[in-house]
Colleague: 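First the structure, then my questions, so here it is.
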Amino acid sequence: MLIRPIEEGDIDALQAIAVETGPGFTSLPDSRDFLIDKIAHARESFQRSHDTTDDAPEAALYFFVLEDDSQPLESAERLAGCCAIESRVGLEAPFYHYRIGQLAHSSSHLELHRTLDTLFLCSDHTGSAEVCSLYLRERWRGEAQRPMRNGTLLSRARWLFMAGFRERFPDRVLAEMRGRFDDDGNSPFWEALGQKFLPIEFQRADHLTGMGEKGFIGEMMPRHPICISFLPPGARACIGQVHTQTRPALAMLNRDGLRFEGYIDIFDGGPTVEAYIDDVRSIRDSRTARVSVQEALSNDERPGWLAATTGAAVDFRAGWVGRGPQDDVIALTPEEAQRLKVDNGDTLRLLAT
């Protein structure tokens, strides 16, 4: 299993993934033209040189795929999943959330004091980085795939990229988690709140947002605080809660130090978690080592070391290696070195997981 930057030839497999993701997965709409443009944007971002003396922010997209190299080269089944990093959100279109807050009311005459929880439309995360678009296809999930740790590879490879190319990113990072849906694929939060201001289906609103058409949010959604107590119980129960399929991803982000700070998605009520990039565990605890290619190396039964290349961004590779470093040297089998496209003396960034 190998993490690499997306390529133009991945369009068919990426569109198949976009169909599979289902409602609420905003960043991968089922639109071939949009996905082609997304791939082109990612390729340009990877190839772009970054001048650390230039303070002008860049809205770059780093989109990765998880490749199963045991599958035929031309097979759509070769791509097991995907993940991405947006370097800075909200620069080209507003990046909206609801911020959970409070309104306090009191009457000295009646000797009453009341505090109400509220939702307030905001764009507080403008300029932050976002880890997004993580999706692992069903064939590569489940008990049979557990020893391969594919979800961990998808999630944490992004941190090694950010650590290796730290100058490309701001101080803070966030992740939006997909919210709760009922058994029929409907969002109780959307039906109780969003649809009252936008009388369209959730799927259409979600699709428009995924396509980058977000102007309608500022035009139609309320700018005044909304009292949470006015919402029906089913909608209130969705606030800050995640989709069943999203729980493992949230757990991994929590282990890396990303926390819920009171921001939720304006459509499905899913939580946003965030942290300072330099405080993320997988970035803080990563280290570098020189490569030594050797024959007849033993492998750990359970992959515990994640390795990522440190050369040009466009040539980034990440995957599991069968052992940890010794005295700043990481021994690789010829197969591991070939998969990562490294040789003796090259540098890898490593993370024990």
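Fair warning: this is a prediction, and the values are worked out from it, not measured in the lab. Below, each value reflects all heavy atoms present in this structure, side chains not excepted, and no hydrogens, waters or symmetry copies.
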Colleague: Under a 4.0 Å threshold between the charged nitrogen and the carboxylate oxygen, would D328 count as salt-bridged to R287?
Modeller: yes
Colleague: For the pair N150 (side chain) and L154 (backbone), establish whether a donor and an acceptor sit closer than 3.5 Å, ignoring hydrogens and angles.
Modeller: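 Checked: no pair found.
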Colleague: Closer than 3.5 angstrom, by distance alone: can the side chain of K196 be matched with the main-chain N or O of W190 as a donor-acceptor pair?
Modeller: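 Here the side-chain-to-backbone pair does not exist.
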Colleague: Can we say R284 and D256 salt-bridge, meaning some charged N sits less than 4.0 Å from an Asp/Glu carboxylate O?
Modeller: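 D256 and R284: not salt-bridged.
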Colleague: Is the side chain of T288 donor-acceptor paired with the backbone N or O of L348 at a distance under 3.5 Å, no angle test?
Modeller: no
Colleague: Out of curiosity, does L258 fall in the hydrophobic cluster containing Y276 (side-chain heavy atoms, cut-off under 4.5 Å, transitive links)?
Modeller: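 No, no single cluster joins them.
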Colleague: Report yes if the side chains of E130 and E176 come closer than 4.5 Å at any heavy-atom pair, otherwise no.
Modeller: yes
Colleague: Flag yes if L136 and L250 sit in one hydrophobic cluster, no otherwise; membership is Ile, Leu, Val, Met, Phe, Trp, Tyr, and two members link when side-chain heavy atoms are under 4.5 Å apart.
Modeller: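 Yes; L250 is reachable from L136 via cluster members.
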Colleague: Is it true that R168 and Y62 share a donor-acceptor pair across their side chains at a distance under 3.5 Å?
Modeller: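 Yes.
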Colleague: Starting from the C-alpha separation in whole Å, work towards a yes-or-no answer on side-chain contact (heavy atoms from CB on, under 4.5 Å) for M252 and T152.
Modeller: CA-CA 7 Å; M252 281 189 283; T152 300; 3.7 Å; yes
Colleague: Establish, from distance only, whether the side-chain atoms of T353 and R149 form a donor-acceptor pair under 3.5 Å.
Modeller: yes
Colleague: Determine whether I3 and W159 fall in the same hydrophobic cluster, where Ile, Leu, Val, Met, Phe, Trp and Tyr are linked whenever their side-chain heavy atoms lie under 4.5 Å apart.
Modeller: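 I3 clusters together with W159.
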Colleague: What's the shortest heavy-atom distance between R48 and A60, and which atoms?
Modeller: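 Scanning both residues completely, I find the closest heavy atoms to be NH1-CB, 3.7 Å.
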Colleague: Within the structure provided, determine whether D124 and F95 are in side-chain contact (heavy-atom separation under 4.5 Å).
Modeller: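 Of all side-chain heavy-atom pairs linking F95 with D124, none is under 4.5 Å.
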Colleague: Please name the pair of heavy atoms, one in A80 and one in W140, separated by the smallest distance, quoted to 0.1 Å.
Modeller: CB-CD2, 3.3 Å
Colleague: For the pair R166 (side chain) and P170 (backbone), establish whether a donor and an acceptor sit closer than 3.5 Å, ignoring hydrogens and angles.
Modeller: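 Pair found, side chain donor or acceptor close to backbone of P170.
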Colleague: Any heavy-atom pair between the side chains of L103 and H105 that's under 4.5 Å?
Modeller: yes
Colleague: Are the charged groups of R317 and E67 less than 4.0 angstrom apart, N to O?
Modeller: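 E67 and R317: not salt-bridged.
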Colleague: Test side-chain contact (heavy atoms from CB on, under 4.5 Å) on L119 and I100; report intermediate values, then the result.
Modeller: CA-CA 5 Å; L119 300 175; I100 300 175; 3.8 Å; yes
Colleague: Does a donor on one side chain and an acceptor on the other come within less than 3.5 Å for S286 and R349?
Modeller: yes
Colleague: Using 4.0 Å as the upper bound for N to carboxylate O, is an ion pair formed by E8 and R43?
Modeller: no
Colleague: Could you check, using the six-membered ring where one of them is a Trp, whether F63 and F46 have ring centers closer than 6.0 angstrom?
Modeller: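 No: the rings miss the under 6.0 Å criterion.
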Colleague: Look at the side-chain heavy atoms of Ile, Leu, Val, Met, Phe, Trp and Tyr, link any pair under 4.5 Å apart, and say whether L231 and L116 land in one connected group.
Modeller: no
Colleague: Are F202 and F189 near enough that their ring centres are under 6.0 Å apart?
Modeller: no
Colleague: Would you find a donor on one side and an acceptor on the other, under 3.5 Å apart, between the side chain of S106 and the backbone of H113?
Modeller: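 Looks like no, no N/O pair under 3.5 Å.
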Colleague: Please check if the side chain of D265 supplies one atom and the backbone of G270 the other of a donor-acceptor pair under 3.5 Å.
Modeller: no
Colleague: Is it the case that atom CD in Q47 sees more than 12 heavy atoms from other parts of the structure closer than 6.0 Å?
Modeller: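 It does: Q47 CD has more than 12 such atoms within range.
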Colleague: Check this for me: does any side-chain nitrogen of one of D346 and R290 sit under 4.0 Å from a carboxylate oxygen of the other?
Modeller: no
Colleague: Between the side chains of T272 and H97, is a donor N or O closer than 3.5 angstrom to an acceptor N or O?
Modeller: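 Yes, side-chain donor-acceptor contact under 3.5 Å.
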Colleague: Does any non-hydrogen side-chain atom of H243 lie less than 4.5 Å from one of R180?
Modeller: no
Colleague: Step by step, work out the side-chain contact (heavy atoms from CB on, under 4.5 Å) result for V280 and V173.
Modeller: CA-CA 9 Å; V280 173; V173 62; 4.2 Å; yes
Colleague: I'd like to know if the side chain of R158 reaches the main chain of S155, judged simply by a donor and an acceptor atom lying under 3.5 Å from each other, with no hydrogens or angles considered.
Modeller: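 Side chain of R158 to backbone of S155: a pair is present.
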Colleague: Identify the two heavy atoms, one from D30 and one from A18, that lie closest to each other, and give their separation to 0.1 Å.
Modeller: CA-CB, 4.2 Å
Colleague: Less than 4.5 Å apart, side chain to side chain, heavy atoms only: is that true for I217 and P94?
Modeller: no
Colleague: Check whether the ring centres of F165 and F169 lie less than 6.0 Å apart, and answer yes or no.
Modeller: no
Colleague: Going by atom types only, do S187 and D268 share a side-chain donor-acceptor pair under 3.5 Å?
Modeller: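 Their side chains do not contain a donor-acceptor pair, so the 3.5 Å distance test is not met.
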Colleague: Please test T333 against Q294 for side-chain contact (heavy atoms from CB on, under 4.5 Å), starting from the C-alpha separation and ending with a verdict.
Modeller: CA-CA 5 Å; T333 65; Q294 303 175 19; over 6 Å; no
Colleague: State, with a plain yes or no, whether a side-chain heavy atom of Y96 is found less than 4.5 Å away from one of Y263.
Modeller: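 Sidechains of Y263 and Y96: no contact.
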Colleague: For the side chain of R259 and the backbone of N254, is there at least one donor-acceptor N/O pair under 3.5 Å apart?
Modeller: yes
Colleague: So, do R281 and R156 sit near enough that their side-chain heavy atoms are less than 4.5 Å apart?
Modeller: yes
Colleague: Any side-chain to backbone donor/acceptor pair from R223 onto L121? Under 3.5 Å, distance only.
Modeller: no
Colleague: Using a 4.5 Å cut-off on heavy atoms from C-beta on, say whether the side chain of C238 contacts that of P188.
Modeller: yes
Colleague: With a 3.5 Å distance limit and no angle check, can you tell me whether D10 reaches the backbone of E7 through a side-chain donor-acceptor pair?
Modeller: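 Checked: pair present.
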Colleague: Provide the closest heavy-atom pair for A307 versus V321 in the form atom of the first, atom of the second, distance.
Modeller: CB-CG1, 3.8 Å
